[in-house]
Amino acid sequence: MREDLKSMTLAEMQAMMKELGEPAFRAKQLFVWLHKGVTSFDGMTNLSKSLREKLEERYFITAPKVVRKQESKKDGTIKYLWELSDGNCVETVLMRYHHGNTVCISSEVGCPMGCAFCASTIGGLVRRLQPSEMVDQVLFTSLDSGLEISNIVLMGIGEPLDNYETVLRFLELVNNPDGMNIGMRHISLSTCGLVPRIERLAEENLQLTLSVSLHAPDNETRSRIMPVNRRYPLEELMPACRKYYEKTGRRISFEYAMIRGMNDTKEHGDRLIRLLRGLPCHVNLIPLNHVDESPLQPSLRQTVQAFQKQLEDSGITATVRRTLGSDIDASCGQLRRKHESK
Ligand code: SAH
């Protein structure tokens, strides 16, 4: 069986070249080609024909196919549905902000976490992605759109910390100066709150931004919409977040999807303020995106604004996330979902 070349780190390629009796700088040449998006060995013109043949015998190069591409007329957001080599599909969204183009990428096909408001989890987990398949989302989005990517958010389909090793390898690959060279400070990773993995990530001491999907300030509400809370309740999650901040010095960003009547009252606001007291953080309020399969509804605009003001008045930085690409289902696994159900 041939192996997946693009999932290899530069160091692994150096070891491989050594084994093939080639000088070490060949590894760098190979790495540069792959992370420029070359899809065949023939295209690697500075490698000898015999080396290319040897590589082709042992390795394959991944390249996803565009199944659907939708572009928002309102804000230029582009949503891709990619088909992977085994026929499974994942989504990537390209958002155009003043601070640079940002891609939101998937880490799994489907998701095992079961959050009540999320379209990605409806069919459960199909499989975890490979590092190359995560790199490809950034690479081929850039190549197809002709736009340079400066930021990555791991907020697409899947739970990144459920695919831990792969995500760490992905970070190393896109961070490499000979690859896409995207700085850790330009990367955000979002988790539903897998406590032991947050603790492990803290030890890696990376400069990325950790986003925690909080969505509720008390166990009762949170367990109702996020099954993960029954395994890792707030009295374990919050200390893990505090430790994460102490270890990395990076302020945590808490995501809070506003669901009408569920988590958006003044009482909830008071509880949230108590929960976050003394923790340097940022709260990102997201008006819920309505998912057809779910009865949950977004909070009213004035409720969201009042909630934001309540947090701000108590000294907690809170922003309301701008909705981009709302005309193209550019949120939360909805495009894959529609594709699968056809
Ligand atoms: N599994 C990770 C990352 C993927 S989801 C996590 O849970 O954080 C990215 C963000 O979108 C999460 O905060 C998630 O809770 C949120 N989200 C999912 N479905 C949503 C919906 N219908 N409306 C608003 N936010 C949603």
Side-chain angles (χ1 to χ4, degrees), residues 79 90-93 95 102-126 128-129 134 137 152-164 166-167 170 187-195 197-198 201 208-216 221-229 231-232 237 240-241 244 252-260 262-264 281-299 303-304 307 318-326 329-338:
K79 177 143 179 166
V90 287
E91 297 174 8
T92 306
V93 181
M95 292 161 292
T102 301
V103 281
C104 174
I105 67 163
S106 301
S107 54
E108 300 184 309
V109 180
C111 182
M113 305 313 307
C115 298
F117 43 80
C118 180
S120 301
T121 199
I122 291 171
L125 176 70
V126 178
R128 300 184 174 120
L129 294 184
M134 295 185 68
Q137 293 177 62
I152 300 175
V153 298
L154 281 89
M155 292 189 185
I157 300 172
E159 167 52 46
L161 297 187
D162 180 56
N163 195 8
Y164 192 91
T166 291
V167 165
F170 160 78
I187 301 177
S188 294
L189 185 155
S190 180
T191 179
C192 64
L194 296 176
V195 168
R197 299 285 166 86
I198 293 175
L201 190 66
L208 54 74
T209 300
L210 181 67
S211 293
V212 174
S213 298
L214 193 57
H215 303 324
T221 315
R222 196 164 189 266
S223 292
R224 210 181 297 156
I225 50 178
M226 300 181 72
V228 67
N229 195 67
R231 203 157 26 123
Y232 304 113
L237 178 59
C241 292
Y244 188 90
I252 292 185
S253 168
F254 289 101
E255 286 153 281
Y256 198 101
M258 304 267 315
I259 310 173
R260 199 182 305 173
M262 174 69 81
N263 62 2
D264 64 353
C281 66
H282 174 106
V283 176
N284 207 341
L285 300 171
I286 317 162
L288 183 81
N289 267 295
H290 178 70
V291 171
D292 285 345
E293 289 88 341
S294 154
L296 303 174
Q297 296 295 331
S299 304
T303 313
V304 178
F307 203 84
T319 47
V320 179
R321 185 181 293 172
R322 216 156 44 103
T323 331
L324 292 177
S326 53
D329 293 326
S331 49
C332 317
Q334 293 180 17
L335 187 59
R336 170 174 173 267
R337 190 73 209 134
K338 286 191 178 161

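Both counts, for ligands and for their atoms, begin at 1 and track the order of listing. These numbers come from a predicted model, not from an experiment. The figures here come from the full heavy-atom set of this structure, side chains too, leaving out hydrogens, waters and symmetry mates.
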Task: Heavy-atom side-chain proximity of Leu194 to Arg231 below 4.5 angstrom - done: yes
Open item on the list: We want to know whether Asn163 and Arg128 form a side-chain donor-acceptor pair, criterion being a heavy-atom distance below 3.5 angstrom.
Closed with: no
Task: Glu159 and Val228: CA distance, side-chain angles, deciding distance, side-chain contact (heavy atoms from CB on, under 4.5 Å) verdict - done: CA-CA 11 Å; Glu159 167 52 46; Val228 67; over 6 Å; no
TODO: Using a 4.0 Å heavy-atom threshold (strictly under), name the region of Val212 that reaches ligand 1: side chain, backbone, both or neither.
DONE: neither
Task: Polar contact flag for Ile286 and ligand 1 (N/O pairs, less than 3.5 Å) - done: no
Open item on the list: I'd like to check Met258 versus Val320 (side-chain heavy atoms, cut-off strictly below 4.5 Å). Are they in contact?
Closed with: no
Task: Any side-chain heavy-atom pair of Met262 and Leu288 under 4.5 Å - done: no
Open item on the list: Below a 4.0 angstrom heavy-atom separation, can you tell me which part of Glu255, side chain or backbone, both or neither, approaches ligand 1?
Closed with: side chain
- [ ] State, with a plain yes or no, whether a side-chain heavy atom of Thr191 is found less than 4.5 Å away from one of Val212.
- [x] yes
Task: Winner among Cys111, Ser106, Ser190 once heavy atoms are compared against atom 2 (C) of ligand 1 - done: Ser190
Open item on the list: Check contact between Pro298 and ligand 1, using heavy atoms of the residue and a distance below 4.0 angstrom.
Closed with: no
Task: Contact check, His215 vs ligand 1, heavy-atom distance below 4.0 Å - done: yes
Open item on the list: Is the contact between Asn289 and ligand 1 made by the side chain, the backbone, both, or neither, using heavy atoms and a 4.0 Å cut-off?
Closed with: both
- [ ] State which residues pass ring pair (Phe, Tyr, Trp, His ring centres under 6.0 Å) with Phe254; sequence neighbours excluded, sorted by chain then number.
- [x] none
- [ ] With heavy atoms of Cys192 as the reference, note each atom of ligand 1 found under 4.0 Å away.
- [x] 6 (C), 7 (O), 8 (O)
Task: Side-chain heavy-atom pair Thr303, Arg260 within 4.5 angstrom cut-off - done: no
Task: Proximal atoms of ligand 1 relative to Cys118 (non-hydrogen, under 4.0 Å) - done: 18 (C), 19 (N)
Task: Sub-4.0 Å atoms of ligand 1 with respect to non-hydrogen atoms of Val291 - done: 22 (N)
- [ ] Below 4.0 angstrom from a heavy atom of Gly158, which ligand 1 atoms are there? Numbered from 1 as shown, please.
- [x] 1 (N), 2 (C), 3 (C), 4 (C)
Task: Numbering as shown, the atoms of ligand 1 that approach Thr191 to under 4.0 Å (heavy-atom distance) - done: 6 (C), 7 (O), 8 (O)
